[in-house]
Amino acid sequence: AVKFLRAPDGFFNDFIRNKKAIFLLLAAILGAYLFMLLFWPFALVSPLKHPLESLTVFSKYNFDSGSLFNGTRPHYWELPWNYLPTWIYVTTPLFICCTAFLLPVIIYKWKSFSQMVNSDLLLCMLFTSVFPVFYIVFKQSNVYDGWRHVLFTYPSLCVCCACIWYGTLRILQSISSYFKIAAMALLGLLMLEPALYMANNHKFETFYFSPAIGGVKGAWGKFDIDYYGTSLRYAVEWIATHSDSLEKGPAGKIRVRCFYGERISVDHYIEKYPNLEYVMANEGSLDWDYSIVQPVQAKHDSTLFSHWPPKGLVHQIEVDGTPIVAIARNYNKDLKKEVDKFSISDSKDLVALINAGVKYYQVGDFFNCITASERALEIDPKNCIALNNAASAFNNLYLFDEGIAYCKKALELKPDFELAKGNIQVALERKKQAGNLQKDGVANNYLNLSLIYFNLHEYDKCIAASQKVIALRPLDAAAYNNMCASYNELKEYDKAIRACEKAVEINPTFDLARNNLNAIKQAKASGR
């Protein structure tokens with residue numbers, strides 16, 4: 001701000017009169033441009049073409065991040081014009097924002113103001129801070145994850161605000177020293193608020209939100225507080241500090257998962273501790289011990305805010321009483337112990353079977369979820385919950401045709417069943433990408449499904465599942481054997497013999513199929 005004190009002559013007058021100034025300005029622009037090229041390989045390849053090409057592309061960049069803005073997640077083509085101005089407002093201290101209220105004083109006393117501050121340079125700095133934001137709004141360019149795309153404007157904005165406050169205080173002093181003292185007291189109070197925030201929340205200064213919206217607490221559920229994942233480090237450090245009292249995996253290490261962000265973001269800190277191990281595992285898996293959960297994950301789980309804290313919470317780190325990251329233990333281990341004690345085949349309790357199906361699903365045991373759901377459907381064929389539970393399990397096993405069929409049954413019985421609507425949508429969308437799936441893995445899932453149906457005495461379904469195995473893997477002897485066993489139970493001996501003969505043809509050493517073939521031929525001969 002000191003450099004903005006009024007010079008003897010205006011900047012623009014010097015610019016016009018002084019050719020040297022023109023030369024120095026052009027040299028500065030060229031030097032800055034060349035310096036930029038050193039750190040931009042793409043531009044270095046074609047210094048004139050590529051920067052212009054990048055400006056064109058980024059003006060209409062089509063990346064859709066689903067950023068949280070004022071409680072909603074608009075698509076990039078739905079961003080309101082005030083997206084950037086709002087983000088700047090809610091994350092900027094009040095003594096910066098309140099500068100806008102001083103503009104009437106400055107305009108009214110412009111002549112006096114311009115004698116105290118170099119107004120030409122001030123206007124140049126104001127242009128560098130305002131024009132980029134205005135240009136983005138005017139071009140309707142895609143911006144996301146806060147205002148990180150225009151953070152370079154903030155230093156200019158701060159300098160402008162400092163000069164405006166300086167000029168205002170000088171003007172008020174010329175009117176009355178009491179006005180100046182009052183203005184300085186107001187400025188001091190406004191500056192005290194962010195200072196206290198930084199003192200009370202050291203390490204989390206970047207999470208600052210203006211008291212105009214209620215600070216960090218007011219931003220909760222309306223704006224992404226920790227998009228960059230700064231809190232990951234402190235979550236890992238908490239786990240490492242308390243590792244002696246925390247549960248450990250089979251290898252004696254604490255297995256930590258983190259769903260949101262790149263693996264390197266959290267693994268960078270985890271690898272510093274030999275007793276910690278990063279694992280890539282689904283939430284329903286048993287292959288992790290503790291999970292780091294950030295509110296920003298609500299981008300992929302819309303229920304996270306309404307169901308906070310996450311299940312299994314052991315600790316959460318807060319800023320001004322607002323959680324920014326949580327550490328949760330794997331509660332699926334408790335569910336696993338519970339469902340291991342449950343006997344699907346012996347139970348005739350509809351509610352118990354449905355609850356068991358849900359728990360099996362939660363621990364990632366999708367085949368037992370299907371088994372429990374099918375047993376529930378034997379008791380109540382019109383049970384929509386059991387149908388939906390089975391459909392969810394089918395979808396996770398990439399058996400989308402079955403998932404769609406069961407969802408349709410549920411919706412026929414209950415057209416407004418939102419869970420089934422969601423599951424059928426998932427199945428339809430993921431089925432479009434089925435060509436990218438490994439056929440062998442899907443075939444294995446159908447093979448396991450055929451065994452489930454055989455054990456449930458649903459022989460027609462066993463045969464249908466086995467046929468889908470054969471469609472994906474024509475030389476699968478086990479699938480032909482399962483078909484053989486089912487046809488035998490249905491007393492369709494000719495079909496059973498053909499299926500078993502095919503199994504033996506594919507695998508001559510398949511003793512189970514050979515034994516089944518002999519038994520079926522004897523049963524047919526005896527007329528049983």
Side-chain angles (χ1 to χ4, degrees), residues 62-66 73 75 259-260 280-285 297 299-303 354 357-358 360-374 376-377 381-454 456 458 460-476 478-480 482-483 486:
N62 62 358
F63 176 71
D64 193 14
S65 74
R73 293 191 181 275
H75 297 290
F259 168 74
Y260 186 80
M280 297 183 68
N282 294 325
E283 183 181 3
S285 168
Q297 290 177 210
K299 179 183 294 187
H300 305 290
D301 179 6
S302 59
T303 66
I354 291 175
V358 172
Y360 279 122
Y361 180 86
Q362 289 177 317
V363 300
D365 191 345
F366 303 119
F367 288 112
N368 268 329
C369 173
I370 293 170
T371 305
S373 300
E374 293 284 9
L377 290 170
K382 295 183 178 181
N383 192 288
C384 295
I385 298 177
L387 286 167
N388 181 70
N389 291 347
S392 298
F394 283 130
N395 286 348
N396 278 275
L397 293 170
Y398 307 105
L399 309 181
F400 302 119
D401 289 337
E402 285 72 16
I404 293 169
Y406 275 62
C407 282
K408 286 182 176 179
K409 288 181 183 178
L411 290 172
E412 286 173 5
L413 296 167
K414 189 177 180 181
D416 60 343
F417 193 8
E418 293 299 329
L419 288 176
K421 288 181 181 179
N423 276 326
I424 197 170
Q425 187 64 31
V426 168
L428 291 170
E429 290 177 357
R430 294 178 67 183
K431 187 179 179 181
K432 294 178 183 178
Q433 305 170 358
N436 299 324
L437 300 174
Q438 292 185 353
K439 290 184 178 181
D440 196 51
V442 177
N444 286 336
N445 289 339
Y446 273 121
L447 187 62
N448 289 329
L449 183 63
S450 69
L451 288 172
I452 288 174
Y453 284 136
F454 183 82
L456 289 170
E458 297 187 32
D460 289 331
K461 288 185 177 181
C462 174
I463 293 168
S466 300
Q467 288 172 337
K468 290 190 175 183
V469 176
I470 295 166
L472 294 166
R473 198 163 53 201
L475 300 179
D476 193 301
Y480 279 107
N482 291 350
M483 289 175 62
S486 293

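Being a predicted model, the structure only gives us computed values, none of them experimental.
Under a 3.5 Å cut-off, the side chain of K299 and the backbone N or O of Y260 do not form any donor-acceptor pair. A donor-acceptor pair is defined here as one N or O able to donate and one able to accept, closer than 3.5 Å; such a pair exists between the side chain of S373 and the backbone of C369.
In this structure N395 satisfies the side chain to side chain donor-acceptor pair (under 3.5 Å) test with no other residue, sequence neighbours excluded. Annotation: side chain to side chain contact (heavy atoms under 4.5 Å, CB included) contacts of L419 (sequence neighbours excluded): N388, F417. Applying the side chain to side chain contact (heavy atoms under 4.5 Å, CB included) criterion to N396, with sequence neighbours excluded, gives Y361, F366. N448 pairs by the side chain to side chain donor-acceptor pair (under 3.5 Å) definition with nothing, not counting sequence neighbours. Under the side chain to side chain donor-acceptor pair (under 3.5 Å) criterion, D301 pairs with T303, sequence neighbours left out. Residues forming a ring pair (Phe, Tyr, Trp, His ring centres under 6.0 Å) with F367 (at least two apart in sequence, or on another chain): none. By the side chain to side chain contact (heavy atoms under 4.5 Å, CB included) test, I470 pairs with A479, Y480, M483, sequence neighbours left out. Applying the side chain to side chain donor-acceptor pair (under 3.5 Å) test to N445 and every residue at least two apart in sequence or in another chain returns nothing. With sequence neighbours excluded, the residues forming a side chain to side chain contact (heavy atoms under 4.5 Å, CB included) with I385 are I354, N383, N389, listed by chain and number.
Residue pairs meeting the salt bridge (charged side-chain N to carboxylate O under 4.0 Å, His left out) criterion with at least one member in residues 415-427, sequence neighbours excluded: E418-K421.
Once rounded to the nearest 0.5 Å, the distance linking CG of L456 with SG of C462 reads 10.0 Å. Expressed to the nearest 0.5 Å, how far OG of S486 lies from CG of D460 amounts to 8.5 Å. Between the CZ atom in R473 and the OH atom in Y446 there is a gap of 13.0 Å [rounded to 0.5 Å]. The distance from atom CG of L377 to atom CD1 of I370, rounded to the nearest 0.5 Å, is 11.5 Å. Expressed to the nearest 0.5 Å, how far CG of N482 lies from OG of S450 amounts to 4.0 Å. The CG atom of N368 lies 4.5 Å from the OH atom of Y360; values are rounded to the nearest 0.5 Å.
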- [ ] Check the pair I452 / E458 against side chain to side chain contact (heavy atoms under 4.5 Å, CB included), numbers first and verdict last.
- [x] CA-CA 9 Å; I452 288 174; E458 297 187 32; over 6 Å; no

- [ ] Please lay out, stage by stage, how Y398 and R430 fare under the test side chain to side chain contact (heavy atoms under 4.5 Å, CB included).
- [x] CA-CA 8 Å; Y398 307 105; R430 294 178 67 183; 3.2 Å; yes

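Looking at E283 and F259, their side chains never come closer than 4.5 Å, going by heavy atoms from C-beta outward. Looking at heavy atoms from C-beta onward, K468 lies out of side-chain contact with L449 at the 4.5 angstrom threshold.
With respect to K382 and E412, no salt bridge is recorded, no charged nitrogen being found less than 4.0 Å from a carboxylate O.
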Under 3.5 Å donor-acceptor pairs involving side-chain atoms of residues 403-410, not counting sequence neighbours:
{"from": "Y406", "atom 1": "OH", "to": "E374", "atom 2": "OE2", "distance (Å)": "2.4"}
{"from": "Y406", "atom 1": "OH", "to": "Y453", "atom 2": "OH", "distance (Å)": "3.3"}
{"from": "Y406", "atom 1": "OH", "to": "K461", "atom 2": "NZ", "distance (Å)": "2.9"}

